[in-house]
> 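Quick one: structure below, then a few questions.
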Amino acid sequence: MPPAITYDSRKHVGVHAERVSHVSSTNFPGHHPHEDHSWDLERFKKGLTVKIERLSNRSIEFDLVGVDASIANAYRRILIAEVPTICVERVYVWDNTSVVVDEVFAQRIGLVPLNVDPALMDMKQTQNDQATDRNTLVFRLQVACERRKNAPKDTTDPSKLYINHEVLSSHLKWVPQGEQEIVMAENPPAPTNLNIVLTKLRPGQEVDMELHAVKGVGKDHAKFCPVATASYRLLPLVILNPEKPVPRELAEKFQECFSPGVIRVDPRTKAVSVDSKKTRKETMSREVYRHPEFEGCVQLARVRDHFLFNIESEGFYPPQRLLPEAIAVMRAKIATIKRAAETLLNNGDSLGDVEMADV
């Protein structure tokens, strides 16, 4: 039998019928008299855990344990806004007789994720920087719709009547520049999804465009965001009161107040217990608080330093690489702050050549 869990205001966030309590962290110096909570690297390393719960081609669920909410939220925001990707930025329209106007068409093309490793490209410092083979990828989009010869006369299916009735992301053709053909030979640039419909055509309509893709980050435009979603929640906790057990005749009703599998009921004794491995599935609906007969039987809470992350990748990065990329961005920010602080200590009059714009 696992040890009984008791509510601890230092570790848990209380979830009550109409409010939450103990949301602030207490692990910092001076909060509790005669207790030393100063930073200790060894203690932090012992409490830090990263555990992958589920991994697929496009999404990952993992637990981040032992950090403050400010750190977890920093990773979430970096994943959304500051991990770089490659997207189409400039569209040069030579011909477009489709029903979609140039501006809307260009915006749709920019949202197509590309399978290009951002590490292979440099980021432009300004939009007007000279395009080179180090900072720009060139694509060509050239599609014309024609009637299909010998098409059945009794069909209305456009795919049987016409050739190229849809402009797809697969029609984007990479045009290598400079040394790109050698550098990117193993993984030629292309959309990650080849079946994205950009527009539809009919006979006589065509599009002819040149597309320039550059490196950018999500805080500049949402199309550069490497994730579809990046969210976290605190680990739910269901704490039973041993001094006031759930009445046997109400065990099934008590079980239905929670997500499936969270509460176990012994078929013989009708004793109620919590499945600790499935509490992460609890939605914290607080349904149990609506029933006065269960008052005092249970306390709902969340573990303050146990974060359940859910990330859906979109673009080049496999999902398991996204957190390390976010950590690398944060380390670069910390290094910049460290250099600025050292410059202040050595020369308090100015920051010298330390660049703080990216912090």
Side-chain angles (χ1 to χ4, degrees), residues 78-94 102 105-142 169-194 196 198 207-227 313-337 339-340 352-359:
I78 290 173
L79 285 168
I80 294 172
E82 299 187 62
V83 174
T85 60
I86 308 297
C87 288
V88 172
E89 177 71 6
R90 292 181 180 270
V91 177
Y92 299 93
V93 181
W94 311 131
D102 296 350
F105 205 161
Q107 194 261 358
R108 289 177 64 84
I109 293 173
L111 294 174
V112 175
L114 304 175
N115 68 339
V116 184
D117 187 350
L120 299 177
M121 296 185 63
D122 298 332
M123 186 178 295
K124 286 186 175 182
Q125 298 303 313
T126 66
Q127 291 185 351
N128 298 322
D129 283 0
Q130 179 67 35
T132 68
D133 61 341
R134 297 295 182 89
N135 60 26
T136 304
L137 290 175
V138 178
F139 292 86
R140 193 66 185 269
L141 179 62
Q142 193 172 14
S169 54
S170 59
H171 288 122
L172 272 66
K173 304 302 180 184
W174 174 49
V175 182
Q177 306 293 316
E179 299 178 350
Q180 290 178 353
E181 192 168 15
I182 299 174
V183 175
M184 302 180 181
E186 295 184 1
N187 187 25
T192 57
N193 186 341
L194 300 178
I196 300 174
L198 300 176
V207 294
D208 188 1
M209 303 178 179
E210 184 176 302
L211 320 172
H212 289 190
V214 300
K215 185 175 181 178
V217 292
K219 64 182 179 182
D220 294 332
H221 195 287
K223 66 185 177 184
F224 291 109
C225 182
V227 295
S313 175
E314 191 60 58
F316 166 78
Y317 298 105
Q320 65 271 21
R321 182 176 161 184
L322 285 167
L323 180 61
E325 289 291 333
I327 294 173
V329 172
M330 179 177 283
R331 287 172 62 91
K333 288 175 171 288
I334 294 172
T336 302
I337 295 175
R339 291 196 304 270
D353 58 353
V354 176
E355 179 59 54
M356 294 290 291
D358 295 332
V359 177

> Taking the side chain as everything from C-beta on, heavy atoms only, tell me whether V138 gets closer than 4.5 Å to H212.
yes
> Would the distance check show the side chain of N115 and the main-chain N or O of A190 forming a donor-acceptor pair, the cut-off being under 3.5 Å?
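At least one qualifying donor-acceptor pair exists.
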> Quick one, L198 and L172 - any side-chain contact, counting heavy atoms below 4.5 Å?
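In short, these two side chains touch, coming nearer than 4.5 Å.
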> Can you tell me how far apart CG (D117) and CD1 (I86) are? Round to the nearest 0.5 Å.
8.5 Å
> Between D122 and K215, which heavy-atom pair has the shortest distance, and what is it?
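Looks like O-CB, 3.9 Å.
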> Could you pull out all residues at least two apart from Q180 that satisfy side chain to side chain contact (heavy atoms under 4.5 Å, CB included)?
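By the side chain to side chain contact (heavy atoms under 4.5 Å, CB included) rule, Q180 matches D133, L137, W174, Q177.
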> Do the charged groups of K124 and E89 touch, with an N to O distance under 4.0 Å?
no
> Please check if the side chain of K223 supplies one atom and the backbone of G110 the other of a donor-acceptor pair under 3.5 Å.
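No.
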> Does the side chain of N187 come within less than 4.5 Å of F316's, by heavy atoms?
yes
> Could you check whether the rings of Y92 and W94 sit parallel, tilted or perpendicular, using 30° and 60° as the cut-offs?
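Plane angle under 30°, so parallel.
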> Mind checking the OG1-CZ spacing from T336 to R339? Nearest 0.5 Å is all I need.
4.5 Å
> Identify the two heavy atoms, one from P84 and one from V217, that lie closest to each other, and give their separation to 0.1 Å.
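Minimum heavy-atom contact is CA-CG1, 3.9 Å.
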> Quick one: pull up CG in D102 and CE in M209 and give me the separation to the nearest 0.5 Å.
6.0 Å
> Working to the nearest 0.5 Å, report the span between CG of L322 and CD1 of I78.
12.5 Å
> Look at the side chain of T192 and the backbone N and O of L114, then say whether any donor-acceptor pair between them is shorter than 3.5 Å.
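Looks like no, no N/O pair under 3.5 Å.
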> Out of curiosity, M121 CE to T132 OG1, how far, rounded to the nearest 0.5 Å?
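OG1 of T132 is found 8.0 Å from CE of M121.
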> If you count the non-hydrogen atoms of other residues, nucleotides and ligands that lie under 6.0 Å from CD in Q320, is the total more than 12?
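It does: Q320 CD has more than 12 such atoms within range.
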> What distance do L111 atom CG and S169 atom OG have between them, rounded to the nearest 0.5 Å?
12.0 Å
